[in-house]
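Whatever order the structure lists ligands and atoms in, that order sets their numbers, starting from 1. Numbers here are sequence positions counted from 1. Any value given below was found using the heavy atoms of this structure, including those in side chains, with hydrogens, waters and symmetry copies removed.
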Amino acid sequence: MNDDIVIACTNLANRAGAAGFEIGHTGDDDEPAEDAKWYAVATYQGARIISDGHRSPTAAALGLAERLLTGATCRCTQPVTLSDGQPGCRWRLVGQRWEPSCDAAPVRVPGGRRGDMAAIQHAMAQVPPGGNRASRRAAKRRRR
Ligand SMILES: [Zn+2]
């Protein structure tokens with residue numbers, strides 16, 4: 001098990017607004033460990049994004065991260081891509097975090113309960129093209 005990949009997936013699910021995250025495996029405890037199939041799941045209100053049938057928790061976590069990122073829109077309003085050959089905002093696994101290649105400010109979901117996909121989509125729709133740069137500058141000033 002690669003801790004970095006599992007932690008990065010937990011963190012990503014949290015940042016993606018999921019209400020819950022779980023990693024586990026099928027089968028009984030008396031089955032041989034190598035027969036277990038691992039899954040990782042992020043839960044939203046009324047929805048689950050799952051990656052299952054994996055040989056290890058690392059593979060399950062990586063699979064779920066790819067599912068969360070594929071087809072997603074970055075906070076800079078570009079589509080997320082995991083491949084250099086595709087247009088969009090390139091995300092990479094950096095240590096224990098999935099990081100975008102842009103520096104747009106994180107999107108806040110006002111009043112949204114965790115896992116509220118509609119609130120998340122509404123908040124994303126308010127983001128200007130290229131992302132929230134004004135608040136990014138403000139955040140940098142605060143850090144100095
Ligand atoms: Zn981006």
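- A salt bridge does not link K37 with D52: every distance from a Lys NZ or Arg NE/NH1/NH2 to an Asp or Glu carboxylate oxygen is 4.0 Å or more.
- Looking at R108 and N132, their side chains never bring a donor and an acceptor atom within 3.5 Å of each other.
- L68 is connected to V80 through a chain of hydrophobic side-chain contacts under 4.5 Å among Ile, Leu, Val, Met, Phe, Trp and Tyr, so both are in one cluster.
- P100 places a side-chain heavy atom less than 4.5 Å from the side chain of R75.
- Only protein N, O or S atoms were considered, and those under 2.8 Å from the Zn ion (ligand 1) are C74 SG, C76 SG, C89 SG, C102 SG.
- Taking all atoms of both residues into account, the shortest heavy-atom contact from T70 to E66 is OG1-O, 2.5 Å.
- Around CZ of R15, the count of heavy atoms belonging to other residues, nucleotides or ligands within 6.0 Å exceeds 12.
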